[in-house]
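As structure tokens, the structure follows; a few thoughts come after it.
This is a predicted model, so every value here is computed, not measured.
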Amino acid sequence: MELRRRLNLLSVAIATAPLVLVASCTADDRPGGRAAGQREAPPELAVTPADQARDVPISAEVGATVKGGRVTAVRITDDKGAEVAAEPREDASAWVPSRPLGTQRTYTAEVTATGDSGKTTVRKTTFTTGPKSKKPAITSTLYFSGNRTYGTAMPVTVAFDPPIAKAARADVQRRLFVKTDPPQPGTWSWVADGSQVYYRAPDFWRPGTTISVRSALQGLPIGEDRVGDADRAATSKIGRQVALEIDSGTKQMSVLRDGKLIRKIPVSLGKPSTPTSSGKMVIMEKHDFTTFDTRGEPDGGYVVDVADAQRLTWGGEFIHGAPWSVGDQGYRNVSHGCTNLSASAANWLMGVTQVGDLVTVKGTETKLEQGNGWTAWNVSWDEFVKGSALPVPAAAQAQQQGAAASPSPTPVPSATGG
């Protein structure tokens with residue numbers, strides 16, 4: 001009996017032993033097990049410009065494409081061993097040097113990608129830039145200066161001469177950068193002829209926001225026969241919210257600060273033969289004194305000195321002091337398209353407004369033409385984004401949805417274009 005028990009126990013032990021061995025062999029084959037981790041391949045990494053590339057534009061970026069990981073380090077050095085400062089794009093698809101590269105210089109980029117297992121892949125590329133381009137440069141103008149305080153409707157505007165062709169707009173737009181603090185994402189939108197591109201968010205800027213802009217176009221190939229002219233950068237802040245609402249029907253201007261009416265001012269707008277434009281404009285310039293000289297213009301022929309002038313359009317519409325029309329202000333439109341105020345009212349207004357404040361005019365004989373001034377707010381957000389040459393950032397679209405769900409913290413002027 002005792003012998004039978006021992007034999008049975010031995011039989012059980014022998015029968016179960018292979019099961020234990022099989023179980024231990026399969027444990028590390030499960031996803032996440034040590035054997036799987038040990039066998040995991042390092043990430044695949046490709047970088048641009050290609051190694052030993054020559055005649056690379058000075059606007060070059062270091063691009064990285066990763067499969068099975070992410071970029072964890074990028075180091076760029078020049079041919080003297082000095083490190084080149086660069087910032088990653090938001091999608092980490094490329095690193096953009098903080099200033100244009102030098103002509104006929106050699107650079108080396110070392111990019112490291114790390115996989116989920118911790119394994120890394122390192123790729124190096126060495127490339128040489130070309131000589132200064134002999135192609136004519138497109139003149140760009142950044143209408144956003146540093147160390148200024150702007151109104152809450154200030155669009156970042158870049159103008160081009162000659163205009164940018166449709167086929168080249170995406171390449172140009174990719175080299176225009178805007179950062180906001182606190183974050184308030186937006187997008188760029190081109191006017192139809194390519195002469196201007198505007199950047200704005202779905203809603204007006206929040207007072208106190210810091211905006212940093214870089215127009216990094218120097219040496220950028222634009223189409224087949226042009227290059228960009230300059231690399232410009234500026235950082236400024238957004239001030240209090242001020243908005244002007246001008247009604248041709250009542251011949252009155254309402255001045256609002258933080259959404260509250262602080263003054264009504266009688267005005268005289270453009271007469272029927274030279275009407276003021278109806279629409280949403282932005283104050284572009286402010287002059288204590290200036291001279292209007294319309295000789296040579298189709299409907300011109302006069303020269304007049306004016307005080308306290310604030311530009312609204314490229315076509316020459318201003319708000320300004322006009323003591324000669326005080327008797328008409330509040331009753332009749334007699335100007336050549338400008339908004340006439342009394343000298344005292346115009347002087348007071350200069351102390352209230354900022355470049356970048358919204359001005360809404362309604363009830364006149366003509367509508368504001370897109371591109372005649374900074375007309376980024378003269379269309380809805382849905383219409384505005386159609387002018388982008390690139391997909392609209394998801395963050396900007398999400399912000400628009402949030403704005404629709406709850407009111408903006410910045411009061412919004414109530415008037416709409418005529």
For [X] and [Y], test the side chains for any donor-to-acceptor distance below 3.5 angstrom and give the result as yes or no.
X	Y	value
Gln329	Ser325	yes
Trp205	Gln241	no
Asp305	Thr291	yes
Thr128	Thr106	yes
Asp382	Ser380	no
Ser254	Lys264	yes
Ser59	Gln218	no

Check step by step if side-chain contact (heavy atoms from CB on, under 4.5 Å) holds for Ile319 and Met253.
CA-CA 11 Å; Ile319 299 170; Met253 170 192 291; 4.1 Å; yes

Is there a donor-acceptor contact under 3.5 Å from the side chain of [X] to the main chain of [Y]?
X	Y	answer
Tyr199	Gly186	yes
Lys286	Met350	yes
Arg200	Ala376	yes
Ser335	Gly270	yes
Thr121	Glu44	no
Thr129	Gly102	yes
Arg89	Arg174	yes
Ser236	Ser145	yes
Thr235	Ser212	no
Thr290	His287	no

So, for [X] and [Y], which heavy atoms are closest and what is the spacing to 0.1 Å?
X	Y	answer
Ile58	Thr103	CG2-CG2, 3.9 Å
Leu390	Ser388	O-OG, 2.7 Å
Ala396	Val392	CB-CG1, 4.2 Å

Other residues, nucleotides, ligands: >12 heavy atoms within 6.0 Å of [X] [atom1]:
X	atom1	answer
Asn147	CG	no
Arg54	CZ	no
Lys271	NZ	yes
Arg232	CZ	yes
Glu224	CD	no

List for me each residue that meets side chain to side chain contact (heavy atoms under 4.5 Å, CB included) alongside [X], sequence neighbours excluded, and say none if there are none.
X	result
Pro131	Asp55, Gln104
Pro88	Trp95
Lys386	Glu383
Ala137	Val227, Asp229

Is there side-chain contact between [X] and [Y], with heavy atoms separated by less than 4.5 Å?
X	Y	value
Ile238	Thr149	no
Val306	Phe289	no
Gln354	Met154	no
Pro393	Pro185	no
Gln310	Leu349	yes
Asp357	Leu244	no
Ile222	Val172	yes
Phe318	Leu312	no

Separation of Asn372 CG from Ser277 OG (nearest 0.5 Å)
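The CG atom of Asn372 is 6.0 Å from OG of Ser277, to the nearest 0.5 Å.
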
Any chance you could measure Arg263, atom CZ, to Leu261, atom CG, to the nearest 0.5 Å?
11.0 Å

Suppose the criterion is salt bridge (Lys or Arg N to Asp or Glu O under 4.0 Å): which pairs have a residue in [range], not counting sequence neighbours?
range	result
residues 124-152	Glu110-Lys124
residues 62-74	none
residues 309-319	Glu285-Arg311

With [X] via salt bridge (Lys or Arg N to Asp or Glu O under 4.0 Å) - residues at least two apart:
X	result
Glu87	Lys179
Arg105	Asp78, Asp79
Arg175	Glu61

Would a line drawn from the ring center of [X] to the ring center of [Y] be shorter than 6.0 Å?
X	Y	answer
His320	Phe292	yes
Trp190	Phe160	yes
Phe384	Tyr198	no

Walk me through it: do Phe144 and Trp374 pass the test ring-ring contact (aromatic ring centres under 6.0 Å, His included)?
CA-CA 12 Å; Phe144 191 92; Trp374 301 339; 9.6 Å; no

Of all residues at least two apart in sequence or in a different chain, which pass the side chain to side chain donor-acceptor pair (under 3.5 Å) check with Thr108?
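In terms of side chain to side chain donor-acceptor pair (under 3.5 Å), with neighbours along the sequence ignored, Thr108 is linked to Thr126.
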
Using the side-chain contact (heavy atoms from CB on, under 4.5 Å) rule, take Val255 and Ile265 through it: C-alpha gap first, then chi angles, then the decisive distance, then the call.
CA-CA 8 Å; Val255 183; Ile265 300 173; 4.1 Å; yes

Intermediate values then yes/no, side-chain contact (heavy atoms from CB on, under 4.5 Å), Val62 and Val111
CA-CA 9 Å; Val62 174; Val111 181; 4.0 Å; yes

Which pairs pass side chain to side chain donor-acceptor pair (under 3.5 Å) with one or both residues in residues 155-170, sequence neighbours excluded?
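Output for this query is empty, none listed.
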
Please determine whether side-chain contact (heavy atoms from CB on, under 4.5 Å) holds for the pair Ile246 and Val359, giving the CA-CA distance in whole Å, both sets of side-chain angles, and the decisive distance to 0.1 Å.
CA-CA 8 Å; Ile246 303 170; Val359 179; 3.8 Å; yes

